[in-house]
Amino acid sequence: MELTFYLKGLDCANCAAKIEKAVQELDFIKNASLNFSTQKLRVITDNNDSSYIEDEIKKIVAHYEPEVKVLEESEKSDTEENHKPTIIRIVISALLFIAGLITELSVKSDITEIISVILFGISFILVAFPVFITAIKAILSKNIFNENTLMLIASIGAILIGEMHEAVAVMLFYSVGELFQSIAVGKSRKSIKALIGTKPETADMLIDDKYVTVSPYEVPIGATIRVKAGEKIPLDGIVIDGSTQVNNSAITGESIPVNISEGDEVKAGGINLEGLVTIRTTADFNSSTICKMLELVEEATENKTKTENFISVFAKYYTPIVVLAAIVISLLPPLISGAAFSEWIEKGLIFLVISCPCALVISVPMGYFAGIGKASSEGILIKGSNYLEAISKAKTVVFDKTGTITNGEFEISSVNPVGVSEKELIEIAAYCEYNSNHPIAQSVKKAFTSEIATERIKDHTEIAGKGIRTTIDGTEYICGNEKFMLENGITANKSRGTSLHIAKGSDYLGYIEIADTPKETSARTIEFLKSKGMYTVMLTGDNEASAKHTADLTGIDEYHSNLLPEDKSRILSEKKASLKKGENIIFIGDGINDAPVLATADIGIAMGKNGTDAAIETADVVFMKDDLAQLETAYRLSHKTSGIIKQNIIVAILIKLVIQVLSILGLANMWSAVFADVGVSILAIMNSLRILRKEYKRRRDGT
């Protein structure tokens, strides 16, 4: 059984890691995963008593974060945290602290000293009480090395050595920092979710000949709903009446509206811009496109990168070592040299506060969550932060051809007449192919813009895999491949790829070349990949001539043609084996036969707009626009995200080390120590939000 809980108010990444570990160690829990970015705790258990499981989880959370509320997923509320009580408490404490300082600095007397102590004491209690409660609960649960406990020890130590005002100031500064961190985390989550888009909240469903506003969850498959101008499309479906323009930017990242009319498919999350449309639903709400997108993005950061795992292990050993060092700093110098204990205890306390690993722990997941959120706003669904990180480390990119590099639709690439005009050759071919549904026939008929007079056509015969014999205005014509021409005693001109040859009786009239043309952005994207040192390969089941033509047009380094699905897997495995350690291989495809290859690659990317469900389910990344340019966007985003995360880690470690050294030298006070803890955490969050503000698409000027 799988259960999901929402930990409302969880703002400490280090505590989140400890909660996850503690839940994982419960006897009845087979697996537990806590996503700090989304505040979701997922557990897999054999115990069917959900109430008991929830109670046990609440006990664990209370030990680490007593103010965090554990809610079932159905109880989740997206309302912002109420910071007003905390702000009021901090403001009153600050005013009392200032009054205490003024009293302490005024004329010295027993009364002023007593008043200042009282003012400092009340101020201290206001800001320290929540910290003390959390610290005591943590200690009782044997969670000694947490920031609340460290602040408790540091402040009590400051009071014991006679630095009452410093103890209050540090606790006040710490509370302000924690408030800012909570607000920053909340805003970052809100910014990311705004980029992803929100779920539709209502649907107008036809019930007993009347439209009734209901929750989208209540709408079954096959129901009739209507969507007015300006409203979000609540569920996936097919338009059965009306026409309009739809903004699908929340799904594909593409802001240009698309025209839809009767018979067209629509996706949940799109915005109806113009007219009233009636839709027959093809999926329930939980299976709708927008819900799947949000679920994928929310679950994505549960697939952790090597960097995240390293930081978690590093923090586990880092804090106890630094706490031990703080004890040594406090006691060893006075015992050896006879220096004042108060001086070195203060240095040790400063060193102790600096040791909290929260800034390190929060620096990584917030960066990756921002990266995944930004990707989703561009129509790129990345199913794990490990895949986001891996994209920028790719050295080989393998492409499927049809529908990936090319449009997947045949078009006339050249007309080569013999003894007739191009217009006449296309007209004859269109009449020959009029009764055929073959893709080549469709492309020829599309190229002939005039209306076909069907009464001119007689005796149509289609020979599968070869061509067509038909009579037009009493004259027999033959259309087909080169082999069909030879069978009918006609010598055809040589062509490069897929061609339709035409003859009038025994007279050869020429040929029309048909090609599955590359997408507009394919060549540009491949050029970009090669500029980054990546090797490009194309795999296709098409013939040699067609494959070579596409490779020449797009600049692909290597291609393989006439392949079966198992051939694609074999070639990709060979390419993967040739890479060095730490280098990745990407495969991009869209067909049902691409699913095994997608699973074999380090990063499998599926074209989502026209891709099959099997390919999308198997893939690690989904391009919702079916545009290869999204690969360039994904690479830039991956590179930028990895860079910002490295910045977060380096800055956090450097600041902590510098202030630790300064504290030993007596050049840093408690304020500096608190900044090294809370301040650096806020810096890491703000730096991560830079990912959301940058553009990663190539502009018209090529930059």
Taking side-chain contact (heavy atoms from CB on, under 4.5 Å) as the definition, give me every residue that meets it alongside S261, ordered by chain and number, with sequence neighbours left out. S243, D264
I'd like to know if the side chain of S392 and the backbone of E389 have a donor-acceptor N/O pair within less than 3.5 Å. yes
E544 versus S561, side-chain donor and acceptor atoms under 3.5 Å: yes
Can you give me the closest heavy-atom contact between F399 and V397, atom names plus distance? CZ-CG1, 3.5 Å
With S569 via side-chain contact (heavy atoms from CB on, under 4.5 Å) - residues at least two apart: P596, V597
Approximate separation, where rounding is to 0.5 Å, of I526 CD1 and T536 OG1: 5.5 Å
Could you go through E378 and R636, starting from their C-alpha distance and side-chain angles, then the distance that decides it, and tell me whether this counts as salt bridge (charged side-chain N to carboxylate O under 4.0 Å, His left out)? CA-CA 12 Å; E378 302 286 355; R636 292 177 185 272; over 6 Å; no
Quick check for you: to the nearest 0.5 Å, what is the distance between I412 atom CD1 and I514 atom CD1? 5.0 Å
So which heavy atom on T244 is nearest to which on V277, and how close? CG2-CG1, 3.6 Å
Please report the closest heavy-atom contact between A634 and I380, naming both atoms and the distance. N-CD1, 4.0 Å
Between K575, K530, K548, which is the residue that forms a salt bridge (Lys or Arg N to Asp or Glu O under 4.0 Å) with E558? K575
Output all residues satisfying side-chain contact (heavy atoms from CB on, under 4.5 Å) with T600, sequence neighbours left out; order by chain, then residue number. L572, S573
Exercise: do N407 and T517 side chains pair donor with acceptor under 3.5 Å: yes
